[in-house]
Amino acid sequence: MIEGIDRLNEVEWEVKPGFVPEMRVPGKFFLSDSLAETLEEGAIKQLANVATLPGILKYSYGMPDIHWGYGFPIGGVAAFEMETGIISPGGVGFDINCGVRLLTTPLKKSDLGKPKRLINELFHTVPTGVGTRSEKKLSADELEDMMCEGAKWAVNMGYGTPEDLNRCEEKGFMEAADTDFVSKKARLRGMPQCGTLGSGNHFLEIQEVSEIMDPEVADKFGVSKDQICVMIHCGSRGLGHQVCTDHLKDLESATKKYHINIPDAQLACAPIKSDEGKAYFGAMAASANYAWANRQMITHMVREIFEKVYKIDYSDMKLVYDVTHNVAKYETHVVNGQKTEVCVHRKGATRAFGPGCHDIPHELSDFGQPVIIPGSMGTSSYLLKGTQTAMEKTFGSTCHGSGRIFSRSKAKKSAQGAEIKDELEKKGIFVKATSNKVIAEESPEAYKPSSEVVSVVHKAGISLEVARLEPIGVIKG
DNA sequence: ATGTGC
């Protein structure tokens, strides 16, 4: 193991102050022995770098899917004190509100017929791939409303039901959105891309519930054994990417202006309450809203296809929940025994609020928030529940699932897309993608196994397993 | 992740 790190128990490790100079708090990460074999020292250094930032509270955290990212590690969580703390685009990531939602159906596998037909239909309806455009081109006014109201805007436009909003983190939109700080360039990228899936590890997957670990909670979440579900994983597309790019530049100068010492230029940041910090937060929230509306529009397309192909009702496909994997938020947490407002950055991490917390759907309040962990292509996905332990240990946070072991370029070299597609098809998983290249890049071997990642957070108690889902068919960009 | 080197 790496020097300067203590193992606390089976799944918890501590990075001692001094691992890098000027750490204000220790680092803490969650890992199993087998995941430790593929741990990148660079990611732990990034975790330690985050611990040097002003106003950081308790720990700089790493989830078991931690890997090297831009400035902050992916699979990282850090909370900052509101007066002395900072906000940083690197702590959120380029794909603002990349997230995932799970939809149920009243169908079983035997009702599906040939999944190939369904997958083809989905592939031809949901725009997929880099730079793809939507059939609906937004007007400037519509984009403005979409950025202010997120999934609520989409539902008002007819892309879903009010019940959907109840099953989204933040009810599907952040009120803090301030579109004054979204550039013209970002808007121009966003206008033609609403309701598109994107590329990379984004996907739309047909899944079967293969195992129920917590029958009572699965029932409350609306999930049952052998049920067919749909998982949608995508983000804010070119708009969020542009917002991140624009504000990084702005915050690089702000870092100097406010005399913040950072060990890595990629940690560019500004005080939370500074003009620059507030501008980034407002634009980030607008991008997050774009992503929620985007997933809501894709949900609508999926429901219409299922209605057409399987003659089921639109309302038979209920939303279990929608979580974000990349966001910064103001939240109230207990710090030193006091309820305190803090700014939590989650980058490749999921909120996992426990029973009784605010912003959990009322009917699920006794059980904790649904947590959705997508697997990599061809591997299991998981439904978990948030816990009180997460509230106490990790500012109500857990893993997000897709932790790379090696880079896209290395994945491409080590695997052929066509072969992976054939192998998955032999296992009964039908993959339809815009190119074999993206299949090679997303090869399951390029990722930490989702089962192992989930097992660690379960053992640590920061979220608990409710159900496992296996892929049947997937579309990718 | 991304109008996929700047």
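Per chain, numbering begins at 1; letters A, B, ... match sequence-line order. These numbers come from a predicted model, not from an experiment.
Going from atom NZ of A:K437 over to atom C1' of B:dT4 covers 6 Å, rounded to whole Å. Counting to the nearest Å, the P atom of B:dC6 and the NZ atom of A:K249 are 13 Å from each other. A:L248 places its CG atom 16 Å from the C1' atom of B:dC6, with the value rounded to the nearest Å. Taking atom CG on A:L197 and atom P on B:dT2, their separation rounds to 9 Å, with Å as the unit. The distance from atom NE2 of A:H241 to atom C1' of B:dT4 is 9 Å, rounded to the nearest whole Å. Between the P atom of B:dT2 and the CZ atom of A:R408 lies a distance of 9 Å, rounded to the nearest Å. Atoms CD1 (A:I74) and P (B:dT2) sit 13 Å apart, rounded to a whole Å. Atom CD1 of A:I96 and atom P of B:dT2 are 12 Å apart (whole Å).
Heavy atoms of A:E441 sit nowhere under 4.0 angstrom from any nucleic acid atom. No engagement by A:G235 is indicated, since no non-hydrogen atom pair under 4.0 Å with the nucleic acid exists. Across all strands shown, A:R237 has heavy atoms under 4.0 Å from sugar-phosphate atoms exclusively, and none from any base. The residue A:K412 sits apart from the nucleic acid: no heavy atom pair falls under 4.0 Å.
Stacking of A:K347 on the aromatic ring of A:F72 is not recorded, the 6.0 Å distance cut-off and the 45° axial limit not both being met.
Residues forming a ring-ring contact (aromatic ring centres under 6.0 Å, His included) with A:Y382 (at least two apart in sequence, or on another chain): none. Taking the side chain to side chain donor-acceptor pair (under 3.5 Å) definition, one finds that A:E81 meets it with A:T84, sequence neighbours left out.
Between A:H333 and A:F353, the two ring planes are perpendicular [angle over 60°; tilted spans 30° to 60°].
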